[in-house]
2 protein chains.
Amino acid sequence: MTGAQRKTLQDIADAAGLSKAATSYALRGLRGSEATQTRVRAIADDLGYSADPIARALASGRSGNVAIVGSLRDLWRQGLAVMLSEALRAQELSSIIADVDGSPQREEAVLRSLAAQRVDGVIVLPVDPSASYWAEVPAQTRIVSIGDALTARPESESVLFDNEYGVGTALQHLADLGHRSVGLLAPTLPTTPGRPAEVLAQSLGDSMGVTVTVSSSPSSVHGAALAAAQLLSGAERPTALFCLGDSIAFGAYRAARELGLSVPEDLSILGFDDSELASLVSPELTTFGWDEQAIVDAAVSALTLPEGTGTASGQVMFRPVFIERGSTARQPPPSVPNH
Amino acid sequence: MTGAQRKTLQDIADAAGLSKAATSYALRGLRGSEATQTRVRAIADDLGYSADPIARALASGRSGNVAIVGSLRDLWRQGLAVMLSEALRAQELSSIIADVDGSPQREEAVLRSLAAQRVDGVIVLPVDPSASYWAEVPAQTRIVSIGDALTARPESESVLFDNEYGVGTALQHLADLGHRSVGLLAPTLPTTPGRPAEVLAQSLGDSMGVTVTVSSSPSSVHGAALAAAQLLSGAERPTALFCLGDSIAFGAYRAARELGLSVPEDLSILGFDDSELASLVSPELTTFGWDEQAIVDAAVSALTLPEGTGTASGQVMFRPVFIERGSTARQPPPSVPNH
DNA sequence: CTGCGGGAGTGAACCGGTTCACTCCATCCA
DNA sequence: TGGATGGAGTGAACCGGTTCACTCCCGCAG
């Protein structure tokens, strides 16, 4: 039942006894008397009219397409991408999702191809925020970047993660439990200028009397298990592992199992991101969660809202919430003091 | 460096000394001499021209937007949605992702709103394939549905899952291990006409001498744990659980742990979909995997390729591959024969 | 030599909105 | 009373392609 032809602006204009121009203005509330506007809107509703997004795009120069670009390997970011696309749809925007798989080359290629696609916004989880190819993005394309303070692009509107808080809270928690040697497993990124979280963790650790040994790890469970095993087989085995990502933490669980270490008695494990499976593993993973919906909404409105409407700096920061479950414990364990 | 203005077709026409029309035809290889075509293409490449997708959309009536609609709650489908969007991008198509959360009402609402958005294709993981609102989708909109033979829409091009094979293989595997009573945990769907997999499993089980007790379960780990616990607390406890979805299997793991049953000695667990975490849990989950990339490619080409180019029936079927890990065992266990 | 078929190329309409520059007219103030 | 003001509404250009109907011209058959 495709039924009647799609209504055009001209149809509404005819029905209202107005010109196309007046009708267009009235429907968008830009000009014309209050009375006319409501009358025209009523007619449009009546006839089931809605403006053709394509024609509008051509005339107005805005395509209604937004690209979501980033390293979308891990489950958390995949979920974020889907939520972003959902939120964009609510604004009548369609999305182009591009996984750059952590590679600056792919990031560059994607950004270039986007220029041809006439996207009018890019939401990016940047791989190399300092790369020169960002300059190639047309000036009128809004860029919103999502990430921690150091991987987000300082030039663009940003949705930031308060990793300083997260890392500080994590180390404090472990220090309070008596841990003095902590291993930090951070995801491998090809270019990590300054290795922000790691450096931060080490200096924070120092101030708490905790030694932080940093090691990088792939985001996959398998790779993380290897990286964790290596860290745990060193001379001075850390009594706790802080994993920047739940998938890495899951890998650590496996490594611990293979080494015959029980969690949390012999080894405390701390995750990050509170994946759906954090409460599945045994013991349940202590981790940090985010308000993903709020992050998504912030990113979309940064893209959507007229310039300067948001915060002065164009930046919003989100703080992870600590979720204590069962994977961390006092060190040394109180149950076996000195036997 | 936004630099030079974007090139238009007129620029290329001028440079080639041809009319806009001839240039347009030549670039698309539709008319004009071979020599002219290559010459025009060379000029276009030279000037870095690429056609404006919006203008093209307006003129040609195809928007270049494809909607991905379905129940996108679980991780597997989320990953599929991201992969689909990726694959569409490679065809210069943008996507609109809509999660209908298993609700026919939302499915209907989304389909209606899509009409206004002028999508020219829909990839759907249908919730209610028999619903009448499908008729509202404009006839020229291509629909590709992804699902098993009974939840896919018979009217549209389909990418099918060979669940008959999957369920049969699973039951055979369990029967071979000596199991005679199997619990089947299937995801809850609001309208499940005929409850296909369940009915299938019961009749297949009959032919193998296996009793199959069906129970529906939410897709979330928590909900599944509850459903599994209930199934395991019944009078005749099944010795194996076949879970239609890895998340449900993870819930079953937890239920087993809480009931003091060890896997696989006391209880065999079989999953479905081979999520990234199937090999993380302990024991590693025996499950069924898909070639997701092939499924995605099939769906996209069904949408993209001209009508009738694919298989005669417009349907492709994919078969899951059995991945045996450590969560199933012989029943009763051989280690403790009769002690 | 005439007539015809067909490939190459062209001008103009068209897709369906947005926006600019303009006219018209009622109102208000000097 | 006359001129400035400004809100309501209009015609036409415009965005950048696609496609239709047409002309022109060359080659070939009758």
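Chain letters run A, B, ... following the sequence lines, proteins first and then strands; every chain starts at 1. Computed from a predicted model, the values in this text were never measured in an experiment.
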### Query
Rounded to whole angstrom units, what separation is found between the CG atom of L9(B) and the P atom of dT18(D)?
7 Å
Whether [X] contacts [N] is assessed here as follows: a side-chain N or O lying under 4.0 Å from the phosphate OP1 or OP2. Is that the case?
X      : N       : result
Y25(B) : dG17(D) : no
R56(B) : dT18(D) : yes
S24(B) : dT18(D) : yes
T36(A) : dG9(D)  : yes
R28(B) : dT19(D) : yes

### Query
On a plain distance test, is the side chain of R31(B) in donor-acceptor contact with the base of dG9(C) below 3.5 Å?
yes
#### Entry: base_contact_polar (dG17(C) base, K20(A) side chain, donor-acceptor, <3.5 Å)
yes
### Message
By nearest atom, which of the nucleotides dG16(D), dG16(C), dG9(D) is closest to the L18(A) side chain?
### Response
dG9(D)
### Task
Among the candidates dG16(D), dA8(C), dG11(D), find the nucleotide nearest to the side-chain atoms of A21(A).
dG11(D)
### Task
For residues Q37(A) and L30(A), report the shortest heavy-atom separation together with the two atoms involved.
NE2-N, 4.2 Å
### Query
What is the distance from atom CG of D52(A) to atom OG1 of T8(A), rounded to the nearest 0.5 Å?
10.0 Å
### Task
Consider only side-chain N and O atoms of R28(B) and S24(B), and report whether a donor and an acceptor are under 3.5 Å apart.
yes
### Task
Evaluate the ring planes of W290(B) and W76(B), with Trp represented by its six-membered ring, and classify them as parallel (under 30°), tilted (30 to 60°) or perpendicular (over 60°).
tilted
### Message
Both R39(B) and A55(B) contact DNA chain C. Taking the nearest nucleotide for each, which residue is further toward the 5' end?
### Response
R39(B)
### Query
Closer to the 5' end of DNA chain C via nearest nucleotide, is it R62(A) or L58(A)?
L58(A)
### Query
Heavy atoms under 4.0 Å, any strand shown: does I54(B) hit a base, just sugar-phosphate, or nothing?
nothing
